[in-house]
Amino acid sequence: MAVRTRYAPSPTGYLHVGGAWMAFFTWLFTRHEGGQFVLRIEDTDRSRSTEAFEAAILEDLRWLGIGWDEGPDIGGPVGPYRQTERTELYRQHAEILTARSAAYPCYCLPEELEADRQRAAAEHRPYRYSGRCRDLTPARRAEMEAAGRRATLRFRVRSSRGPIMVDDLVLGRVEFAAEDLDDFIIQRSDGTPLYNFANVVDDHGMRITHITRGAEHLSNTPRQFLMYEAFGWDQPRVAHFPSLLGVDRKKLSKRHGDTAVREYKAQGYLPEALVNFFALMGWYPEDGREIFSVDEMIARFRIADVGKSGAVFDVQKLTWMNGVYLQEALRRTPERVVDLVAGALRDAGLLDGDGGPAQRAYVARVVAIMGERLRLPKDVLTYGDFFFRDDIPYDPAAVRKQFRGRETPAMLERLREALARVEPFDVAGIEKAVRDTAAALGLESKDVIHPLRLALTGKTVGPGLFELIEVLGKGRVLARLTRAARLAEETAASGGA
RNA sequence: GGCCCCAUCGUCUAGAGGCCUAGGACGCGGCCCUCUCAAGGCCGAAACGGGGAUUCGAAUUCCCCUGGGGCCA
């Protein structure tokens with residue numbers, strides 16, 4: 001039988017990295033098995049669900065490379081794929097359970113239940129539903145209705161039955177005692193279904209063979225199995241993945257900073273890096289390799305190898321991995337890196353809109369000489385902002401160190417003259433001019449290179465000096481040297497302070 | 001409160017009784033390379049939560065405790 005799985009997000013926010021991780025593992029497993037992956041939208045919380053969030057979730061999943069075979073946008077044979085369009089199904093199924101007396105109307109008021117709970121706590125015994133409405137006679141029910149009470153629907157758990165076994169693909173066998181389950185509510189008094197119930201109706205209706213979800217749903221599983229039993233349906237296999245944690249080891253949430261996939265996208269993280277990083281949380285391939293393609297992941301992924309303990313989302317490692325993939329992109333599709341870097345520059349206000357092919361070509365030249373330093377597109381700002389602004393800020397500590405000598409202004413002037421004569425203005429000619437000037441002054445190359453770098457870039461880090469001079473162009477280089485010589489003069493005069 | 005799950009370096013993890021002097025990766029520190037930084041190469045610090053039991057032998061099996069997480073309320 002073909003494997004069928006689903007990912008069922010609620011459109012109450014953007015796609016969360018925890019959700020994306022879950023979706024990715026489910027998708028990997030499904031592709032490995034050659035099965036079908038269904039996308040279902042759990043939008044029963046109407047007050048918080050929006051169409052915009054739904055569209056955003058679909059978009060982010062696609063961006064990650066996670067595609068589905070059936071879903072709200074493309075339809076499929078077992079639709080509809082939004083819970084709000086399935087309310088009639090839930091109502092019908094609730095009726096079936098009621099007719100079989102597997103479920104019964106419960107007229108208890110919230111206040112009454114709360115009182116029961118308080119009493120149990122006061123007497124130091126575990127709270128159980130009193131069973132007050134379990135066996136109401138039809139006459140008694142009519143009385144309640146007449147009194148204006150609206151019933152919830154409770155599922156009847158026969159505590160005489162044996163324990164419920166859950167054979168989880170990740171966690172192994174877990175046993176639950178029926179008497180601990182208690183009669184649980186499957187439909188609110190307003191007629192809307194509860195999560196557990198709607199889930200069962202949908203998963204069965206969509207012929208899902210393998211349910212994958214977060215470990216927080218493990219306790220729901222025996223209740224769901226009981227419902228499958230009551231309907232006379234075959235139970236699906238289940239796999240509960242561990243939770244994603246924040247650095248404080250609590251379940252990852254908004255408090256932990258960026259949790260939405262699109263926030264990472266906006267920062268220039270590559271989808272292939274994100275997905276490779278996801279793979280390594282909770283699962284490792286046999287040979288311990290860390291960088292591999294999606295096709296390799298699909299080939300190697302085995303659900304039984306998924307770990308049981310929660311994993312902390314470590315942005316540092318993600319960023320390292322992004323660097324690995326950015327380098328690969330640089331080799332294979334450099335124009336893609338150019339786009340990302342241009343985006344980072346625009347975000348920083350260092351590039352105007354779309355400056356056309358000339359601007360693009362310039363960014364491409366910058367990327368060509370410093371791309372290997374990037375782990376994130378925004379790293380261009382720390383290594384090469386001076387390519388995109390003339391009012392370069394000078395690193396004060398570096399100025400104190402490099403410009404304190406009385407002979408520095410003269411040295412910068414000599415370099416300016418030498419560079420002015422370089423023609424054509426290319427790396428070879430530039431390097432020769434700089435080294436010859438150093439020799440003529442009786443200095444080692446590095447003694448002129450460091451001040452020169454500072455003069456032109458304002459900083460002590462960056463791409464190769466001769467390369468950056470070529471890209472900057474003669475005009476700007478000469479202008480900056482003039483300005484830097486003045487700064488060096490002031491610095492030397494003030495004793496380097 | 002009841003029930004359930006989990007537990008190896010700071011983090012992701014390898015480890016399914018002797019191969020463990022507990023391995024790899026990120027991060028961190030040092031050295032090399034070098035015009036700087038990054039990258040790269042080499043080296044280093046860094047973990048089996050605690051206690052029992054089983055066994056000739058336990059990170060690995062069992063029990064208890066502790067800690068963390070979750071579900072129901």
Side-chain angles (χ1 to χ4, degrees), chain A residues 110 113-114 116-118 120-129 163-164 166 168 170-172 174-185 195-196 214-223 240-252 277-291 304-324 326-327 330 370-375 379 382-384 395 398 402 431 434-435 438 444-454 456-457 459-469:
Chain A
L113 296 172
E114 183 52 33
D116 290 347
R117 225 168 276 135
Q118 303 268 320
E123 292 168 17
H124 300 290
R125 57 180 169 76
Y127 166 78
R128 290 283 146 73
Y129 171 59
I164 296 114
V166 175
D168 190 273
V170 173
L171 299 172
V174 187
E175 216 178 76
F176 295 87
E179 57 267 30
D180 289 329
L181 259 27
D182 220 10
D183 290 1
F184 54 93
I185 297 174
Y195 168 84
N196 265 328
E216 64 271 20
H217 292 295
L218 179 63
S219 314
N220 288 327
T221 309
R223 296 190 179 85
H240 289 92
F241 294 131
S243 317
L244 268 203
L245 276 22
V247 285
D248 54 1
R249 294 221 135 254
K250 302 252 189 262
K251 199 165 181 288
L252 196 65
F277 175 69
F278 282 160
L280 260 26
M281 280 190 301
W283 175 76
Y284 255 69
E286 325 74 70
D287 58 8
R289 240 176 79 204
E290 300 210 310
I291 303 294
D305 294 338
V306 174
K308 301 175 180 183
S309 52
V312 173
F313 189 87
D314 180 7
V315 182
Q316 276 192 322
K317 185 151 187 176
L318 204 212
T319 302
W320 165 77
M321 194 165 275
N322 201 65
V324 172
L326 207 58
Q327 294 313 308
L330 207 53
M370 63 167 291
E372 61 188 11
R373 268 153 250 260
L374 306 176
R375 292 195 303 174
D379 289 340
T382 72
Y383 296 116
D395 174 352
Q402 300 295 345
E431 177 160 8
V434 172
R435 291 196 192 278
E444 279 188 67
S445 291
K446 66 179 178 197
D447 292 330
V448 309
I449 281 173
H450 292 309
L452 181 53
R453 169 182 298 282
L454 179 64
L456 297 174
T457 71
K459 52 185 70 191
T460 60
V461 302
L465 181 70
F466 312 119
E467 288 78 7
L468 77 84
I469 289 177

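These values consider heavy atoms only, across backbone and side chains, with no hydrogens, waters or symmetry-generated copies. Protein chains get the first letters and strands the later ones, always in sequence-line order, with residue 1 at the start of each.
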Legend entry - Nucleotide opposite B:G1 in a Watson-Crick or G-U pair, distances under 3.5 Å: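 By the stated definition (distances under 3.5 Å), B:C72 pairs with B:G1.
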Legend entry - Complementary nucleotide of B:G27, counting Watson-Crick and G-U pairs under 3.5 Å: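 No nucleotide pairs with B:G27.
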Inset, instruction - Considering non-hydrogen atoms only, spot the tightest contact between A:Leu374 and A:Gln327 and give its length. - result: O-NE2, 3.1 Å
Legend entry - Closest-nucleotide 5' rank along RNA chain B - winner of A:Asp180 and A:Trp283: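 Its nearest nucleotide being more 5', the pick is A:Asp180.
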Legend entry - Set of residues satisfying ring pair (Phe, Tyr, Trp, His ring centres under 6.0 Å) with respect to A:His217, sequence neighbours excluded: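 Testing A:His217 for ring pair (Phe, Tyr, Trp, His ring centres under 6.0 Å), a comparison that skips the adjacent residues, returns A:Tyr195.
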Legend entry - Pairing residues for A:Tyr127 by the ring pair (Phe, Tyr, Trp, His ring centres under 6.0 Å) criterion, not counting sequence neighbours: none
N/O donor-acceptor pair under 3.5 Å between [X] side chain and [Y] backbone:
| X | Y | result |
| --- | --- | --- |
| A:Lys308 | A:Gly172 | no |
| A:Arg373 | A:Gly462 | yes |
| A:Arg453 | A:Gly464 | no |

Going by the rule salt bridge (Lys or Arg N to Asp or Glu O under 4.0 Å), which residues pair with [X] if we only count those two or more places apart in sequence or in a different chain?
| X | result |
| --- | --- |
| A:Glu179 | none |
| A:Glu444 | none |
| A:Asp447 | none |

Grab the [atom1]-[atom2] distance between [X] and [N] for me, whole Å please.
| X | N | atom1 | atom2 | result |
| --- | --- | --- | --- | --- |
| A:Glu179 | B:C4 | CD | P | 11 Å |
| A:Met281 | B:C12 | CE | P | 10 Å |
| A:Leu280 | B:C12 | CG | P | 12 Å |
| A:Lys308 | B:C12 | NZ | P | 17 Å |
| A:Ile291 | B:G24 | CD1 | C1' | 13 Å |
| A:Asn220 | B:C3 | CG | P | 18 Å |

N/O to N/O distances under 3.5 Å, protein versus nucleotides 62-67 of chain B:
none

Inset, instruction - Just call it for A:Phe176: base, sugar-phosphate, or nothing, with non-hydrogen atoms closer than 4.0 Å on any strand. - result: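 Result for A:Phe176 = sugar-phosphate.
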Inset, instruction - Would you indicate what A:Tyr127 reaches in the nucleic acid, counting non-hydrogen atoms under 4.0 angstrom: base, sugar-phosphate, or nothing? - result: sugar-phosphate
Inset, instruction - Using the P atoms only, state how far B:A16 lies from B:C72, rounded to an integer number of Å. - result: 37 Å
Output one line per pair: protein atom, nucleotide atom from nucleotides 42-48 of chain B, and distance, for all N/O pairs under 3.5 Å.
none

Legend entry - Proximity of A:Tyr129 and A:Phe184 rings by center, below 6.0 Å: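 No: the rings miss the under 6.0 Å criterion.
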Legend entry - Of all pairs that satisfy side chain to side chain donor-acceptor pair (under 3.5 Å), the ones with a partner from residues 315-324 of chain A, not counting sequence neighbours: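 Non-adjacent pairs meeting side chain to side chain donor-acceptor pair (under 3.5 Å): A:Tyr269-A:Thr319, A:Glu290-A:Lys317.
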Measure all distances between protein nitrogen or oxygen atoms and nitrogen or oxygen atoms of nucleotides 68-70 of chain B, and list the pairs falling under 3.5 Å.
unit_1 : atom_1 : unit_2   : atom_2 : d
B:G69  : OP1    : A:Lys250 : NZ     : 2.2
B:G70  : O2'    : A:Glu216 : O      : 3.1
B:G70  : N2     : A:Ser219 : OG     : 3.4

Legend entry - Closest to side chain of A:Leu171, choosing from B:C37, B:C5, B:G24: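 Closest nucleotide to the A:Leu171 side chain: B:C5.
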Legend entry - Nucleotide-resolved protein contact map, nucleotides 27-36 of chain B, B/S/- at heavy-atom distance under 4.0 Å: S-------BB
Legend entry - Qualifying residues under side-chain hydrogen bond (donor to acceptor under 3.5 Å, both in side chains), relative to A:Thr460, sequence neighbours excluded: none
Legend entry - For A:Asp180, all residues meeting side-chain hydrogen bond (donor to acceptor under 3.5 Å, both in side chains), sequence neighbours excluded: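 Only A:Arg128 meet the side-chain hydrogen bond (donor to acceptor under 3.5 Å, both in side chains) criterion with A:Asp180.
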